[in-house]
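A short write-up of the structure that comes next.
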Amino acid sequence: MARLSFFGRLSDTVPSAEQTFSLPVSVRNTTELRRWLSERFMLAVLLDDRSIRIAVNDEIVCEPHGLCDEDHIAFLPPVGGG
Amino acid sequence: MIELRQSRLDAAEALRAFEARAGDAGGLVSFVGRVRSEAAGGTVFGLHLQAYSPLTEQGMQTAADHALTRWPLTALSLIHRIGDMAPGDTIVFVATAARHRRDAFEAADYLMDYLKTEAVFWKKELTDKGARWIEPRAQDYQDQARWALTGDT
């Protein structure tokens with residue numbers, strides 16, 4: 001099972017900020033995951049907004065990045081503290 | 001010293017602790033960031049800060065290491081709140097110590113620019129007109145870019 005985390009503004013647009021899924025066989029990389037999630041949650045922003053980065057197993061990745069069903073995948077809108 | 005803190009941050013106490021370990025540095029600079037009570041979105045009654053461990057701590061440590069390499073600092077402190085805060089609460093405490101003041105000022109300025117644009121945090125402002133997530137402004141990115149233009153970031 002893959003673990004998905006949604007941060008920042010995305011955490012308000014999904015039913016739960018932390019979710020566990022079995023990835024469909026059609027989802028083998030981050031591009032396919034963006035497309036699948038955008039349809040599942042009606043989240044067009046995941047397709048259109050490239051300022052949203054993805055971390056796989058706690059590392060920000062260059063896309064498309066391969067995925068497997070044990071990965072922790074996090075969606076990161078632009079960051080900023082202070 | 002790097003710290004992510006869920007509980008209240010007392011800036012005066014943090015400064016006293018920093019002074020105690022700053023050694024004989026001639027210049028100490030500290031910066032305190034606090035929750036505003038007014039914002040473009042209305043009257044603020046709260047701020048919620050998310051972090052993503054371990055990315056947040058790793059990024060803060062990398063920025064601190066970079067500051068220690070770039071400026072001859074004798075001590076550094078980087079403390080950031082997460083969770084729920086009220087207006088007036090301290091969000092961040094940054095302090096630097098060096099033999100000469102300019103190094104301490106520049107390092108503290110660099111660390112705040114890093115925190116504003118690259119540190120892995122998300123801020124949600126709660127106002128009387130609703131809630132909104134705050135993302136860095138163009139000015140914040142320009143401030144951060146100064147450090148790349150002037151040297152080795």
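The chains referred to below are lettered A, B, ... by the order of the sequence lines, with proteins before strands, and numbering in each begins at 1.
- Remark: side-chain polar atoms of His80(B) are not paired, donor with acceptor, to backbone N or O of Gly81(A) under 3.5 angstrom.
- To the nearest 0.5 angstrom, Leu55(B) atom CG is 8.5 Å from Phe7(A) atom CZ.
- Within the 4.5 angstrom heavy-atom criterion, atoms from both the backbone and the side chain of Lys116(B) approach chain A.
- The nearest pair of heavy atoms linking Gly80(A) to Pro136(B) is CA-CG, 4.2 Å.
- Contact of Tyr141(B) with chain A is made through the side chain alone, with heavy-atom distances under 4.5 Å.
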Mind running side-chain contact (heavy atoms from CB on, under 4.5 Å) on Phe121(B) and Val79(A) for me, showing each step along the way? CA-CA 5 Å; Phe121(B) 292 101; Val79(A) 297; 5.9 Å; no
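- Interatomic distance, CD of Gln58(B) versus CG of Asp58(A), reported as 7.0 Å (0.5 Å rounding).
- The contact between Ala51(B) and chain A is made entirely by backbone atoms, counting heavy-atom distances below 4.5 Å.
- Interface residue Ser11(A): only side-chain heavy atoms are found under 4.5 Å from chain B.
- Annotation for Phe105(B): atom CZ does not count as buried by contact number, only 12 or fewer foreign heavy atoms lying within 6.0 Å.
- Open room surrounds CD on Glu59(A); 12 or fewer heavy atoms of other groups in view lie less than 6.0 Å from it.
- In the hydrophobic clustering of ILVMFWY residues, with side-chain heavy atoms under 4.5 Å counting as a link, Val29(B) and Phe93(B) come out apart.
- Within a 6.0 Å radius of CZ in Arg102(B), no more than 12 heavy atoms belonging to other residues, nucleotides or ligands are found.
- In terms of heavy-atom proximity, Trp133(B) sits nearest to Gly8(A) at CZ2-O, 3.2 Å.
- Under the 4.5 Å side-chain heavy-atom criterion for grouping Ile, Leu, Val, Met, Phe, Trp and Tyr, Leu4(B) is connected to Ile2(B) within one hydrophobic cluster.
- With a 4.5 angstrom heavy-atom cutoff, Gln50(B) touches chain A only via side-chain atoms.
- When the side chains of ILVMFWY residues are joined at heavy-atom separations under 4.5 Å, either directly or via intervening members, Val14(A) and Leu46(A) end up in a single hydrophobic cluster.
- Both the backbone and the side chain of Trp122(B) come within less than 4.5 Å of a heavy atom in chain A.
- Note on Phe75(A): it clusters hydrophobically with Leu23(A), by side-chain heavy-atom contacts below 4.5 Å among ILVMFWY residues.
- At least one side-chain heavy atom of Glu135(B) sits under 4.5 Å from a side-chain heavy atom of Arg9(A).
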